[in-house]
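We count ligands from 1, going down the list as the structure has it; atoms in each ligand are counted the same way.
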Amino acid sequence: MALTSTKEILEKAHREGYAVGAFNVNNMEILQGVIEGSQETSAPVIVAVTEGAIRYAGFDYLVAMVRVAAEEASVPVALHLDHGRDPGVIRRCIEGGFTSVMIDASHLPFEENLKATKEVVEMARPFGVSVEAELGRLKGVEDLLSVKEREATLTDPEEAERFVRETGIDFLAPAIGTSHGAFKFKGKPKLDIDRLREIKGRVGIPLVLHGASTVPPWLLELLHSYGGKLDEAKGVPPDQLREAIASGVNKVNTDTDLRLAFTVAVRKVLQESPEVFDPRKILGPARDLIKRVVMEKNRLFGSAGKAS
Ligand code: TD3
Ligand code: ZN
């Protein structure tokens with residue numbers, strides 16, 4: 001089928017109380033792994049690309065690949081710009097067939113974030129493209145030294161309400177204590193679920209959890225056994241992710257876990273079969289392991305079985 005509207009996918013998730021995976025892709029194998037894993041679990045899926053992915057693979061290449069993937073897929077596939085910062089790139093995505101864009105002006109003061117976000121909403125509306133924005137700064141709760149710092153970083157529910165009302169965004173990404181990458185927490189992982197609930201109650205639109213990779217111990221163990229090195233890596237515990245979804249998260253952004261899966265599979269082949277120099281034998285297993293991780297994720301998010 002053709003690409004499906006991100007809004008349609010997320011409103012169903014919002015109504016029925018589950019979350020859909022937004023998986024970052026940079027190349028064909030990652031994309032195919034994401035699609036195959038979603039088909040196998042009958043789950044709708046959001047393909048996310050960053051400005052970095054566009055620089056790496058090329059805008060037209062990525063869009064063409066995702067369109068083909070969507071056309072061949074038996075499940076709804078959306079195409080989303082993740083962490084858009086450059087107005088030129090955001091415009092190109094809106095005009096070039098993306099079904100949603102994220103404007104990330106969360107590094108700016110509140111009023112400037114609001115203004116920049118509103119501009120993107122106005123740009124996107126005529127094209128029927130939906131908009132995600134971020135309020136608050138992503139930073140592990142454990143990294144925050146004082147109550148004051150915590151309040152300045154995590155999303156303020158009252159501000160969230162005003163932000164959503166005045167910008168007209170479709171999805172909101174609040175900061176509740178997660179961060180990007182493989183090192184999310186120094187001490188005990190803890191998301192601010194009470195804050196999340198209050199935000200959901202005030203804004204009433206689908207919420208997005210960034211920095212949601214779980215960094216599965218089994219993947220870390222494999223990585224280390226094949227010579228990788230990522231000491232002290234720590235992700236969001238699956239139980240807390242489940243709680244966040246039950247409290248209003250409808251889109252779960254996942255990049256790190258796919259990167260880990262890709263790297264583990266490539267390391268394994270290169271280490272176990274030094275005679276291999278066929279790229280298909282090196283990247284094929286990476287695609288397969290990504291598929292397996294995506295299947296596991298879709299079951300955890302509750303999107304499995306929700307394709308129709
Ligand atoms: O927006 N993203 C993906 C891109 C972040 C840059 O790599 C996320 O929120 C994913 O977070 P995680 O936990 O997979 O690093
Ligand atoms: Zn993110």
Discussion item. Test your reading of the model: is there a side-chain donor-acceptor pair from Glu134 to the backbone of Ala173, 3.5 Å cut-off?
Written reply: no
Practice prompt. Check each atom of ligand 1 against the heavy atoms of Thr254 and keep those under 4.0 Å away; list them by number with element.
Written response: 14 (O)
Worksheet item: Any idea which atoms of ligand 1 are less than 4.0 Å away from a heavy-atom of His83?
Response: 1 (O)
Discussion item. Salt bridge check, Arg197 against Asp194: does any charged N sit closer than 4.0 Å to a carboxylate O?
Written reply: yes
Worksheet item: Do any nitrogen or oxygen atoms of Ser213 lie less than 3.5 angstrom from nitrogen or oxygen atoms of ligand 1?
Response: yes
Discussion item. Which of the numbered atoms in ligand 1 are under 4.0 angstrom from any heavy atom belonging to His210?
Written reply: 1 (O), 9 (O)
Fill in: Protein heavy atom at shortest distance from atom 15 (O) of ligand 1
Thr256 OG1, 2.6 Å
Worksheet, complete the sentence: Of His80, Lys184, His180, Arg259, the residue with the heavy atom nearest atom 13 (O) of ligand 1 is Lys184
Practice prompt. Kindly confirm or rule out an N or O of Ala212 lying under 3.5 angstrom from an N or O of ligand 1.
Written response: yes
Worksheet item: Among protein heavy atoms, which lies nearest atom 9 (O) of ligand 1, and at what distance?
Response: Gly211 N, 2.8 Å
Worksheet item: Using heavy atoms and a threshold below 4.0 Å, how should the contact between Asn24 and ligand 1 be classified: side chain, backbone, both, or neither?
Response: side chain
Worksheet item: Of all the N, O or S atoms in His210, which one sits nearest to the Zn ion (ligand 2)?
Response: ND1
Worksheet item: Hey, is Met102 one of the residues with a heavy atom under 4.0 angstrom from ligand 1?
Response: no
Fill in: Ala182 contact mode with ligand 1 (heavy-atom cut-off under 4.0 Å)
neither
Discussion item. Just by distance, no angles: are the side chains of Thr214 and Lys297 close enough, under 3.5 Å, to form a donor-acceptor pair?
Written reply: yes
Worksheet item: Any chance the side chains of Lys7 and His14 put a donor and an acceptor closer than 3.5 Å?
Response: no
Worksheet item: At what distance, to the nearest 0.5 angstrom, does CG of Asp156 lie from CG of Leu135?
Response: 8.0 Å
Worksheet item: Are any of the side-chain nitrogens in Arg67 or Asp60 under 4.0 Å away from the carboxylate oxygens of its partner?
Response: no
Worksheet entry | N-O pairing of Lys115 and Glu119 below 4.0 Å | yes
Worksheet entry | Asp170 bridged to Arg125 by N-O distance under 4.0 Å | yes
Worksheet item: Looking only at distance, does Asp82 have an N or O less than 3.5 Å from an N or O of ligand 1?
Response: yes
Discussion item. Any carboxylate oxygen within less than 4.0 angstrom of a Lys/Arg side-chain nitrogen, looking at Arg162 and Glu158?
Written reply: no
Worksheet item: Distance from Arg92 atom CZ to Phe98 atom CZ, nearest 0.5 Å?
Response: 9.5 Å
Worksheet, complete the sentence: closest protein heavy atom to atom 10 (C) of ligand 1 is Asn253 O, 3.6 Å
Discussion item. As a check for students: among Asp255, Asp257, Leu258, identify the option with a heavy atom nearest to atom 6 (C) of ligand 1.
Written reply: Asp255
